[in-house]
Protein chains: 2
Amino acid sequence: MDMPDWVASVDPCDADCPSRDLLDLIGDRWSLLIMLVIGQGFHRNGEIRRRVGGISQKMLTQTLRALEANGLVARHDFATVPPHVEYRLTPLGVSLGHAVGPMFQWIEASYPAVLRARAAYAARQAQAA
Amino acid sequence: MDMPDWVASVDPCDADCPSRDLLDLIGDRWSLLIMLVIGQGFHRNGEIRRRVGGISQKMLTQTLRALEANGLVARHDFATVPPHVEYRLTPLGVSLGHAVGPMFQWIEASYPAVLRARAAYAARQAQAA
DNA sequence: CTGAATCCTAAGGGATACTG
DNA sequence: CAGTATCCCTTAGGATTCAG
């Protein structure tokens with residue numbers, strides 16, 4: 001079926017495979033969206049929260065901490081009052097941004113096909129019933 | 001920070017954005033791993049379950065159904081007894097495989113850097129305490 | 001062999017209120 | 001403004017059992 005070469009190098013048998021580890025990090029509901037928004041130029045807590053519709057303050061802080069702990073985002077606390085904190089992508093974070101580009105392009109390009117597949121599947125289910 | 005172009009086209013404000021929808025689908029713990037294993041040439045329920053370490057039968061079936069419903073995997077039931085069912089990637093699924101290739105390459109290439117960042121973060125935390 | 005059904009717990013994650 | 005802490009409910013998801 002003409003699969004890409006990279007499939008050979010990943011071993012999902014191994015629960016400690018880097019794929020599992022990092023997929024758990026960036027494959028959650030918020031991480032990539034937050035990195036995206038930071039990459040779009042929104043660097044402050046409130047800005048990010050308003051840009052990422054529906055996220056709670058709790059999840060925002062929690063996810064930012066995880067991204068920071070993994071070296072994808074850098075936190076700059078200006079130690080002023082009132083508080084001023086800025087988040088920036090690290091070079092590592094930017095490199096991830098580039099790596100997931102094709103995936104986002106696929107999403108945009110393939111969304112209609114997915115919707116069609118869903119409709120077809122639903123129709124098949126209805127017919128079977 | 002030299003972000004890729006695609007960041008401009010995604011709007012996380014919108015909870016109905018295709019990114020949210022499809023990230024929920026492929027951004028879970030199992031979907032990509034299962035597609036990967038199928039792409040590696042393991043097509044049957046039992047094969048896949050053994051290759052994807054730690055997955056339960058329930059999650060395997062559930063995830064395969066979701067992938068099928070979204071047109072990424074095709075299910076072929078040979079209607080024999082004992083049952084023989086094969087899962088294959090659809091062309092759409094293969095195209096997704098190519099789209100996530102760079103991400104997997106990034107994971108492999110950047111894992112050491114992430115581990116270093118984690119250690120540095122932990123050290124900083126310890127010092128602060 | 002494939003996989004549906006049930007049960008049950010552990011984690012995800014929202015709402016709210018409070019602090020520096 | 002940024003962030004913590006608490007409460008509480010919902011979901012994810014594993015273990016197990018049953019069926020075709």
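The figures here come from the full heavy-atom set of this structure, side chains too, leaving out hydrogens, waters and symmetry mates. Order of the sequence lines fixes the chain letters, A, B, ..., with proteins taken first and strands second; residue numbering starts at 1 for each chain.
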Working for side chain to side chain donor-acceptor pair (under 3.5 Å), residues B:Tyr121 and A:Asn70: CA-CA 8 Å; B:Tyr121 184 81; A:Asn70 284 273; over 6 Å; no
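- Regarding contacts with the backbone of D:dA2, a side-chain N or O of A:Arg44 is found under 4.0 angstrom from either OP1 or OP2.
- The distance from atom CD1 of A:Ile34 to atom CG of A:Leu60, rounded to the nearest 0.5 Å, is 5.0 Å.
- Between A:Arg51 and B:Asp14 there is no salt bridge, since no side-chain nitrogen of the basic residue lies less than 4.0 Å from a carboxylate oxygen of the acidic one.
- When rounded to the nearest whole Å, the span between CG of B:Leu60 and C1' of C:dT2 equals 10 Å.
- One atom, CZ of A:Phe42, and another, C1' of D:dA2, lie 19 Å apart when rounded to the nearest Å.
- Distance A:His76 NE2 to D:dC1 C1': 18 Å, rounded to the nearest Å.
- Salt-bridge formation is detected for the pair A:Arg118/B:Asp21: a Lys NZ or Arg NE/NH1/NH2 atom is positioned less than 4.0 Å from an Asp or Glu carboxylate oxygen.
- To the nearest angstrom, C1' of D:dG3 lies 11 Å from CG of A:Asp77.
- Atom CG of B:Asp5 has 12 or fewer neighbouring heavy atoms from other residues, nucleotides or ligands inside a 6.0 Å radius.
- Residue A:Leu64 contributes atom CG, which lies 14 Å from atom C1' of D:dC1 at whole-angstrom precision.
- Taking the six-membered ring where the residue is Trp, B:Phe78 and B:His84 present tilted rings, their angle falling between 30° and 60°.
- Between A:Arg49 atom CZ and C:dA15 atom P there is a gap of 12 Å when expressed in whole angstrom units.
- Distance A:Arg75 CZ to D:dC1 P: 16 Å, rounded to the nearest Å.
- Residue A:Tyr87 places at least one side-chain N or O closer than 4.0 Å to OP1 or OP2 of D:dG3.
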Nucleotide N/O to protein N/O under 3.5 Å, stretch nucleotides 12-14 of chain C:
{"residue": "C:dG13", "atom": "N7", "partner": "A:Lys58", "partner atom": "NZ", "Å": "2.8"}
{"residue": "C:dG14", "atom": "OP2", "partner": "A:Ser56", "partner atom": "OG", "Å": "2.7"}
{"residue": "C:dG14", "atom": "O6", "partner": "A:Lys58", "partner atom": "NZ", "Å": "2.6"}

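- At C:dA4, one or more side-chain N or O atoms of B:Arg65 fall inside 4.0 Å of OP1 or OP2 (strictly under the cut-off).
- For the pair B:Glu47 CD and C:dT2 C1', the interatomic distance rounds to 13 Å; values are reported in whole Å.
- Residues A:Arg49 and A:Glu47 are not paired through a salt bridge, judged by the lack of any N-O separation under 4.0 Å between the basic side chain and the carboxylate.
- Both B:Arg50 and A:Gln57 lie near DNA chain C, and the one whose nearest nucleotide falls closer to the 5' end is B:Arg50.
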